[in-house]
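Take this structure first; my questions come after.
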Number of protein chains: 2
Amino acid sequence: MSNHETVNEILVRLFANILDIEEKCLKIGEFADLSITEMHVIDNIGLTSERTMSDTAKAVKVTSGTLTTAIDNLIKKGYVERRRSSEDRRVVKIRLTERGREAYKSHEDFHKDLVTSALEQLNSQEEELLIKVLTNIDKFFSEKYKHAGWY
Amino acid sequence: MSNHETVNEILVRLFANILDIEEKCLKIGEFADLSITEMHVIDNIGLTSERTMSDTAKAVKVTSGTLTTAIDNLIKKGYVERRRSSEDRRVVKIRLTERGREAYKSHEDFHKDLVTSALEQLNSQEEELLIKVLTNIDKFFSEKYKHAGWY
DNA sequence: AAATATAATTTGAATATCAAAGTAATTGAG
DNA sequence: CTCAATTACTTTGATATTCAAATTATATTT
C-alpha cells in the first residue's frame, strides 16, 4: 500500500469515528448526561467570561433557535446559567455553573490526553512535521473551500 | 505557543468540524442531494460487489432499521439498487447504480485531494514519520478506549 | 414438524435541527 | 422626539434521523 493510501486509511478511520469515539468516551465518564454537541457548547462557552447567545450560536454553527433549546436543556441539567444583560436587555448572557466548569475541564483533559498521546515519543523535529501536516489539512479546508464561508 | 498547544488547537478545530466541513464540501458539488451520512453509506457499499443490509449496517454503525430507511432514500434518489438474494431469500443485497458509483468516485477524489494536500512538501522519509504519528493516535483510541468496543 | 434463529422491514417515540413568525428592546432617520 | 427599522432572542411548526421493539418472511435445528 502506498504512503498516500495508508495515510488516507488512517485519516478516514480517525475522522469518520472521531465524534462517535468522543461521544462514547463521554458516556463512560462522569458526564454521561451530556451529548457531544452539548459538550461542544460547554467547550465554547468556556471557563471565564459570560458569552451572548448569538456569539455562541455562531461559533457552534447552529441557528439561535436551536441554541435556545440546547441551552434550555443544559440549564435543566445544571451546567449553564442564563441572565439578561442589564446594559442591553435584548441580550442574554450565558455562563457555566460549577458543574459546567467541571465538565469543561474533563473535556479539556480528554483533548490533552489525545495530544499527549499523539506527540508521545516524538522529537521536536517530528513535532514540527506533524504541525506542518495538520496545517496543510487545515489549509485544504479553509482555502480550497473558503467560498462556502468557514472560519 | 507550544507545539502541544498548536497541535491541540488544530486538532480540536478539525475534529470538531470535520463532518460539517465534509458535508459543506459535498453541498457545493454535483451530489448536493446527499447528506454526509448518505455519502458514507455509499462509500461503504463500494464499487465492486454487492453487500448485504446487515453487513452494511454494522459497518456504518447504525441499526438495520435505520439503514433500511437510509437505503429507501438512496434508492429514491437513484444511487442504490436493492434485490433479494436468491440463495437466501431473507437476505437483501444492495449495490451502487451508475450514479452511485459516480458519487463514490467524487468522494474518493475528495479524500485523495485531502491527502495530497496534507502530504504536500513532504519527502518520503517524512511521510513514513507521519504514518508513525497517525498510528500513535489510532492506537490511543483503540487501546486506551477499547473497552467501549470499537474497531 | 415444530421450535428457534436470522435478515430485513415497519412502527412508534425521542431528539435535533431549521426557517419563519413572534416578542421585546434598541437605534437611527427625519 | 418619534416611529420605523433593526437587533437579540424565543417560540412554533415542520422535517429528518435515529433507535428499540414488534412484525414478517425465510432458513436452520432439534
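Order of the sequence lines fixes the chain letters, A, B, ..., with proteins taken first and strands second; residue numbering starts at 1 for each chain.
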Rounding to an integer number of Å, can you tell me how far A:Asp33 CG sits from C:dT15 P?
13 Å
Just how far, in rounded Å, is C1' of D:dT17 from CG of B:Asn73?
10 Å
In whole angstroms, the gap separating C1' of C:dA16 from NZ of A:Lys76 amounts to 13 Å
Salt bridge check: are B:Glu30 and B:Arg99 linked by an N-O gap of less than 4.0 Å?
yes
Please determine, for the side chain of A:Val62, which listed nucleotide (D:dT18, C:dC18, D:dA27) has the closest atom?
C:dC18
Round to the nearest Å and state the distance from B:His40 atom NE2 to D:dT17 atom P.
15 Å
Do side-chain atoms of A:Arg84 reach the backbone of A:Arg89 as a donor and acceptor pair under 3.5 angstrom?
yes
Salt bridge or not between B:Glu102 and B:Lys105? Use side-chain N to carboxylate O under 4.0 Å.
no
A:Phe110 and A:His107 aromatic ring geometry - parallel, tilted or perpendicular at 30°/60° bounds:
parallel
How many whole angstroms separate atom CZ of A:Arg89 from atom C1' of D:dA8?
12 Å
Can you confirm whether more than 12 heavy atoms, excluding those of B:Glu98, are under 6.0 Å from its CD atom?
yes
Rounded to whole Å, NZ of A:Lys61 lies from C1' of C:dC18 at a distance of 17 Å
Considering all heavy atoms, the nearest B:Thr97-B:Gly78 contact
OG1-O, 2.7 Å
Under 3.5 Å, N/O pairs linking protein and nucleotides 10-16 of chain D:
from, atom 1, to, atom 2, distance (Å)
D:dT10, OP1, A:Arg82, NH1, 3.1
D:dT10, OP2, A:Thr68, OG1, 2.6

Nearest whole angstrom, please: distance from the P of C:dT9 to the CD1 of B:Ile71.
9 Å
Closest approach to the side chain of B:Thr63, judged atom by atom: which nucleotide of D:dT26, D:dA20, D:dT18 is it?
D:dA20
Once you round it to whole Å, what is the distance between P of D:dT29 and CZ of B:Arg90?
10 Å
Is there any protein nitrogen or oxygen under 3.5 Å from a nitrogen or oxygen in nucleotides 21-23 of chain C, and what are the pairs?
none

Result for 5'-nearest mapping on DNA chain C, choosing between A:Glu38 and A:Glu87, is A:Glu38
Please tell me which of the listed nucleotides, C:dA25, C:dA7, D:dT17, lies nearest to the side chain of B:Ser35?
D:dT17
Can you list the residues that meet the salt bridge (charged side-chain N to carboxylate O under 4.0 Å, His left out) rule with A:Lys77, with sequence neighbours excluded?
A:Glu38
Does either side chain, that of B:Asp55 or that of B:Thr52, offer a donor lying less than 3.5 Å from an acceptor on the other one?
yes
Nearest atoms (heavy-atom pairs only) where A:Asn136 meets B:Ala118
ND2-O, 3.2 Å
